[in-house]
Each structure stands twice: as C-alpha cells, then as structure tokens.
4 protein chains.
Amino acid sequence: MVVSGKPQAADKRARLVEGARELIYRQGLERTTLADIAAETNVPLGNIYYYFKTKDELVDAIVAAHAEDRDALLAGLERRKTPRARLKALIGVLDGTRDAVSRYGCQIGTLSTELDKRCGTDASAGSQRLSRSLIDWAERHFREMGQPDPRDLAVTLIAACEGTARLGHSLRDPSVIHRQSQRLRRWIDTLPDAATTEHGGLA
Amino acid sequence: MVVSGKPQAADKRARLVEGARELIYRQGLERTTLADIAAETNVPLGNIYYYFKTKDELVDAIVAAHAEDRDALLAGLERRKTPRARLKALIGVLDGTRDAVSRYGCQIGTLSTELDKRCGTDASAGSQRLSRSLIDWAERHFREMGQPDPRDLAVTLIAACEGTARLGHSLRDPSVIHRQSQRLRRWIDTLPDAATTEHGGLA
Amino acid sequence: MVVSGKPQAADKRARLVEGARELIYRQGLERTTLADIAAETNVPLGNIYYYFKTKDELVDAIVAAHAEDRDALLAGLERRKTPRARLKALIGVLDGTRDAVSRYGCQIGTLSTELDKRCGTDASAGSQRLSRSLIDWAERHFREMGQPDPRDLAVTLIAACEGTARLGHSLRDPSVIHRQSQRLRRWIDTLPDAATTEHGGLA
Amino acid sequence: MVVSGKPQAADKRARLVEGARELIYRQGLERTTLADIAAETNVPLGNIYYYFKTKDELVDAIVAAHAEDRDALLAGLERRKTPRARLKALIGVLDGTRDAVSRYGCQIGTLSTELDKRCGTDASAGSQRLSRSLIDWAERHFREMGQPDPRDLAVTLIAACEGTARLGHSLRDPSVIHRQSQRLRRWIDTLPDAATTEHGGLA
DNA sequence: CATGAATGAGCATTCATTCAT
DNA sequence: GATGAATGAATGCTCATTCAT
C-alpha cells in the first residue's frame, strides 16, 4: 500500500546531485563532464537536462545540497550541551573524515576554490554563502562562551580547519589532520570562561 | 657584449611562464586555454609548443617558477635577525597582498587545489613539494626558536595562512585577511622565548 | 444539451493549431519547438502526439487552418457588390494588418518561405496550394471585371501584396505598407471598366 | 614566379562563404548545419571556427557577400545609358534567373525572411540594409527620370520583384516570373518622361 | 486518453595538439 | 626556429519522438 507511487523523479534528481557531487569532489568541477555524471549515475545524458537546464544549474543544486548537509551537521552538533563542546565537535568532524580529506580535500573548500574563479556568477555567490554560514555558526558559539571578538575567533577556527584540510590533502597525510585537530581542540579548551575575560584577555 | 646569440628564446619562455601564471591565477587552471596564454603573452599559439611539449609541461614550469619565487621570498625574509621576526614577516607577506588575495585567492593555494585533482601526475607531486617546503621553512624557524613540536607549529601557521586566504577570497574581504594576520603575529609574539634550548638546553 | 461527449479533444486540437500558428508566425517554423508550443497552449508535451503524429503533421494542420481562414476571409469579401470593390477590400486587409505585418511579416508569406525549403514534402505542396488559391480568387474577380489577362493581373496583385509585406517587414515600417496599399487601390480604380465584355462582348 | 604564395586563407574563407551561401539558399538558414557546410566545402568542421567564431558570424559574412554582389550587379547595370533602361535591366536580372528562382526562391528574399525572425540581432539589421539599398538604387533612378514620388515607385518595383519571386517559387513556375517581368518592363516603359508629369501625372 | 519522464541522434562550439611552410 | 592554419575528439546543450503508467 505504501509502496512505489512515483518518487522516481525526486529520486533521480537526488541521485544526480549526489553522483555529481561525489564525482566533482574527486575530479574537480571543471574536469568533470556531464557525460561522466551520466555514466556514474546511470542517467542518460539527455535526461539530465530534464532535471537541470544547464550544468551551472546542477552545480547550484550541488552547492545547495552542501548547504543542507552542513546545516544538518551543525544541527547535529547542537546535541552537545556547551558551546565549547559543540565547537570541539565540529573539529571532530574534520578529524573523523581525515582519510577522505587527505585523499580528496575538503568538500566545501575545493569546490569553493573552483567556484570562486567564476567571478560574478551565482555559483561564486553560493560559495560565499557556504563559507559565511559556517563562520556565523562558530561566531555564535564563541559569543555564547563570552569570548571577546567572537567573529575573529570564528574566522580563525574555520580558517584553521580549511587550511588544515588543504595541507593534509596536498601532503596526502591524514595524520597531519589528526594532529592539527587535537591542537585545535586543545586551543578551544584553553579559552577562558565567560565574562571575566572581556576586558583584558589575550585569547 | 658577447651576448646576443639568442636571448630571445629564454625571454620568450619566461614571458610564457609569467603570463600563463598570471592568467591561471586569475581564471583558474582548467579555464585558461593555451590560446588565452598565447594572446596574453604575444607568443604565437603554435610557437608555445616549441618551448613546452604539452600544456602539462607548461604547468610544471609554472609550479617550478612558484617554487623559485617562494625560495627567493623566503630567502629575503632571512634579512630579519630572529626567527620570530622572520615568521612574522612571512605573515606580513600575506597581509601585504591581501587585496590581490581577496580578489583571486592564494596563488599557491588555488593552483594546488586544482593540481591536486589531477591525481598521480607530476603536477600533483609538484603541488605537494610546494606546500611541503613552506612548512619546512617554518618548522626550521620554530625549531630555532626552541619551540616544542616545531613541525606541528609550522603546519598550524601555514594552515592558518592558507585558510585565511581561502576565506578572505570567498568572502571577497581583504579586512578579514588583515585582522587574521594581526592575530597570527600576536600569536607568534606570545610564544615563549624558550631561550634555554637556544643555546643547547635539553628540554 | 446533448453535447458534452468530449468536445475537449476538438478544443485541444484547435488550441494547439492556433497556438502553434501564432508562435510560428512570430518566431519562425524552424525556431519553434514542440516544447514551446506545449507551454504556450498548456497542452502537455507528450499529449501533442495524441493529436499529431509528428511535428510535420501539426504543420500540415496549420497550413490547413491558414487555408480555411483565408477562404473565410475571401468569402467575407464577397459582401462587396463589385469585383473591383472586392479586390480593393483584399488590399484593405493587408493595409489593416500593417502593424503586425511590419513586425512579423505576412503570415502566409513567411511560413511559405520556410515550407518551400522543405522540398518534396507535403508541406511544400500545401504552401503551393495556399498561394495558388489566393491567385485563383483574384483572377476570378479580374475576369468578372472583364480584364484581359486576368491571370497575370491576379499574379501581379498578389505578388505586389506579398512583396509589400516583405519589404514592410524588413524595413519594420508599417507606413510603407500603407502607402503601397493606397497605390494598389488606386491602380485597381484606374483599370478600365470593360463593361462590354461583362455581358457577353467578344473582345 | 607569380605562383602560389599563400592565398589559401582568403581562398578558404571565400570558399566557406560561397558554399554556405549556396547551401543555405537551397536548404534554408535554420536547416543548414555547420556540418553540412563543412562537407560541402571540404573544410573540416573544426576549422570553420578559425575563420568564423560563430555560425552567426558566418551568416553575417554571407549577408555581406550578398551586399557586395548586389552592389556589383547594380554597378553593372549602370552601363545602360538611361535610368529607364537601367530599371528595366534590373527586372531583366530577375527574368534571367527565373529558373533558379522558381526552384529556390529569391536569394535575398528567402534569407531575409529567416533573418527577420531573429529579432534584434545583427543579422536582422543586415537584412534591413540589404532591402533598403536596393530600394535606394531604384529610387535614385526614378528620381532621375523625373518621376513624382520616386521612393514609392521604388518600393513598388522592388516589392513587385520580390513578390513575383515568392510566387514563382511557391508555384514552381518560371513562366510566371517571365510574364510578370515583361509586365513590369512594359510598366516602366509606360511611365511618362520627366518634368511635365510633376503636377498631375497619374502614374 | 493523458502525462511526466526518457531517449538518443544531432548541433554549435571548444581546445589541445599537430602540420606545412 | 617560427607561425598561421588544420584537425578531430570532446563538451554542453537541444529537441523530436517514444515510453510507461
């Protein structure tokens, strides 16, 4: 009774986005052709255009999927009780994916880097949004911790994560990511508690 | 006086590498065609192949040029007396180029990201070398400062620089780079001056 | 009252022909896709094939619709009492539609021109019929006027109309059509009223 | 000594324009693919783009070639001594090409009709110029003949020619073109001479 | 009958690479 | 060595037509 129906369309669209995302993650945006994606997802080339009018539109959908995933991920981190724990959990995500990251880089970072070369397009705007909302999330938690300059701290944290991913990838070495993750978590632990630090803390 | 011979060849080669590097920096590796490069450098398209058998070979030369430039840059930093000053001067380079970086990203970072998608090629090996030697340089200075875990500190520093460049570019905001540069310099300043180790201490 | 049955089918078919005709008039035959027509008429793309097995068949129906409209138009002109008045009324039709004609050309002329490039098909035969019957109508009236060479006069008139439409369209100037229409009506007026032949004269 | 050189480039470009023009004349603009043109002219498909960046640019060149040919043709007609003779010679051109015209239509007319559906493009502007300059030429000669309203007379003549070509093509009947050509020449002959007609001629 | 989805041949265009001179 | 031209395999995209339900 609850069976099939006709969820194929949504299925296929999602399958396309997912397959394209994976392929682009591994091969890069510009090196991945729609024919590649068609083969990977078993969707006939011409049919892709039923779901996405252009390659750019598919890329937009991928960026949107990244945004959704990241929102879900951040939401999942809210289970932790304290902002400090949440921030450390974010670092834990990087650490937990260090094998994939050392092989293919950061999903968001590598895509954004290519997107950012497409000046003035929707894609490059999407890239901007992707980065910004991660920073926003971190900022909120640093603020909740009562840190001064929570924005700058957030940028420091996200930049550290992205930079670590970049180097871990370039060096093809997951242990680099692991060790930096530990350092970052320790750094978070070092941050003083709340209001007292407002005037005069060194961070 | 004895010169003449054919300094043109070397000239042209250098012009090609330089023009290609600049163009690829602004447009991305995969989006830049040999025809673009020919036009930019005023070298006839067909003639490029006299100097580089393939596009990949040109890219290798660009990576080599980056390595040279970076060596020269690091060598220039040695004018500073102390390792601390040298490390801060490196950060100063990022800060000083923040306008270009916020517009086009980090020269090495954006190129490496594209190169790293070309698994197993010479290019991706070159990218690895590029990152590694920067870290090596920083490591050496942290060691000279007598820091424990100088390798990890070096990775932390370079990752911070690269991550900052990535975010500054994605957000198109040079001020982000400026503020993070200041934080990084302050961080270097706060590192203890482990003088004991400098002159042979054991710890 | 007894109706209902399924007037929708006929409706839809007519809607398709009408919408397609309009769209093709504005955009040209080869530049108009079945998807365009589906969107314009609110008929699902797949459903078009229930009414027309191929695009060519739809085009045939459009040609047939043009033929019907033209027959109705010519029939309407018969209200005028004299052949002279009827011929002038035909010119009046061109004059009265000069705004649309200067924007999109003559409906029959522009379609025929594209149809005629499809040698040997039914379509090009339809185009031929379309032109011929207009000429036939004019010929009949010139004959009733007792003109010698009524066939040639008819061709002259229709050619003048079509040519005027073509130039008015190319120049995007309705006033050209208006002035030529006046000239043509004046020309019809100057034709001698060869009354003798009307009632059986020999000449 | 005077032999080869390297006129290939110009040759090939001209060959492309000529072949494309012929093919488009026979098959229509939208139905003719660059692959067709490549095959017809024995120019490899990819190589066409060395000479024309887009299909539209090739079309522009075809329009320009038409303009040149038409200028040369009109210039050739100037050999005739009187404007009357020149105008009749223009009609003679139509008459002389009636076989091709009845088979494929008027070169300029059929192309313009398709071009005019491409609103707002360079192409449709080219079409406009093509028509206008023919009319200008005729106007000049009617004026030299001392006719009143030379502009309208010019439009009448060119419209008659174009309309005749359209009908001759639709009916696939060269004799129609021949008879109309005769009528047109007779009409030119009928026009009164010079200034006396200025006030009161009926035309 | 209706319809969203599928299909695949075809199209304009690009571009690294090669060729002829 | 230098260079304009040539080449052909791809690439993104279109569209008439068909299929499955």
Side-chain angles (χ1 to χ4, degrees), chain A residues 4-13 16 30-38 42-59, chain B residues 6 8-9 12-13 30-38 42-59, chain C residues 6 8-9 12-13 30-38 42-59, chain D residues 4-13 16 30-38 42-59:
Chain A
S4 66
K6 199 184 293 179
Q8 289 171 305
D11 266 15
K12 213 170 191 178
R13 211 191 118 99
L16 273 169
E30 308 287 350
R31 295 177 71 80
T32 300
T33 71
L34 286 176
D36 289 342
I37 294 167
N42 277 318
V43 174
L45 178 55
N47 197 17
I48 293 181
Y49 287 88
Y50 183 79
Y51 297 95
F52 304 98
K53 270 194 274 292
T54 64
K55 186 182 179 184
D56 281 10
E57 220 173 82
L58 173 55
V59 171
Chain B
K6 47 189 92 161
Q8 289 175 306
K12 228 178 199 175
R13 212 192 116 99
E30 309 289 350
R31 297 175 70 83
T32 300
T33 72
L34 285 178
D36 287 343
I37 294 167
N42 280 317
V43 174
L45 176 56
N47 199 15
I48 294 182
Y49 283 84
Y50 177 75
Y51 299 95
F52 306 99
K53 268 200 280 290
T54 66
K55 186 182 181 183
D56 282 8
E57 229 171 73
L58 209 196
V59 171
Chain C
K6 46 188 93 160
Q8 288 174 306
K12 228 177 197 173
R13 211 193 117 98
E30 309 289 351
R31 297 176 70 83
T32 300
T33 71
L34 285 178
D36 287 342
I37 294 166
N42 281 318
V43 174
L45 176 57
N47 199 13
I48 294 182
Y49 283 85
Y50 177 73
Y51 299 95
F52 305 98
K53 269 200 279 290
T54 65
K55 186 182 180 182
D56 281 8
E57 231 171 70
L58 209 196
V59 171
Chain D
S4 68
K6 199 184 294 180
Q8 289 172 304
D11 265 13
K12 213 171 191 176
R13 213 192 117 99
L16 272 169
E30 308 288 350
R31 295 176 70 82
T32 300
T33 71
L34 285 176
D36 289 341
I37 294 167
N42 277 318
V43 174
L45 179 54
N47 197 15
I48 293 182
Y49 286 87
Y50 184 79
Y51 297 94
F52 304 99
K53 271 195 274 292
T54 65
K55 187 181 178 183
D56 281 9
E57 220 171 82
L58 173 55
V59 171

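Chain letters run A, B, ... following the sequence lines, proteins first and then strands; every chain starts at 1. Scope of the values below: all heavy atoms of this structure, side chains included, with no hydrogens, waters or symmetry mates.
With E:dT3, E:dT7, E:dA2 as the candidates, the nucleotide lying closest to the side chain of C:Pro44 is E:dT3.
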Annotated structure of DNA chain F as dot-bracket, pair cut-off 3.5 Å, Watson-Crick or G-U only, | for inter-strand, is .||||||||||||||||||||

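For D:Ile48 and F:dG8, the CD1 to C1' distance is 13 Å, given to the nearest whole Å. Atom pair D:Ile37:CD1 and E:dT13:C1' shows a separation of 14 Å (rounding to whole Å applied).
Atom-to-atom distance recorded for A:Phe52:CZ and A:Leu58:CG is 5.0 Å, nearest 0.5 angstrom. With rounding to the nearest 0.5 angstrom, the OG1 atom of C:Thr32 is 9.5 Å from the CD atom of D:Glu30. Note that CD1 of B:Ile37 is 13.5 Å distant from CG of B:Asn42, once rounded to the nearest 0.5 Å.
Residues satisfying the side-chain hydrogen bond (donor to acceptor under 3.5 Å, both in side chains) criterion with A:Asp56, sequence neighbours excluded, are A:Arg118.
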5' to 3', nucleotides 12-18 of chain F under a 4.0 Å protein heavy-atom cut-off (B base, S sugar-phosphate only, - none) gives SBBSSBB

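Nearest heavy atom pair, residue A:Lys12 against residue A:Tyr51, reads CD-OH, 3.5 Å. Nearest heavy-atom pair across D:Asp36 and D:Arg31 is OD2-O, 3.8 Å.
Taking atom P on both F:dT21 and E:dC1, the two are 22 Å apart, rounded to the nearest angstrom.
At F:dA6, none of the side-chain N or O atoms of D:Tyr50 fall inside 4.0 Å of OP1 or OP2 (strictly under the cut-off). The phosphate of E:dC1 has neither OP1 nor OP2 within less than 4.0 Å of any side-chain N or O from C:Lys12.
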Can you list, pair by pair, the side-chain donor-acceptor contacts under 3.5 Å of residues 43-50 of chain A, counting residues two or more places apart and other chains?
none

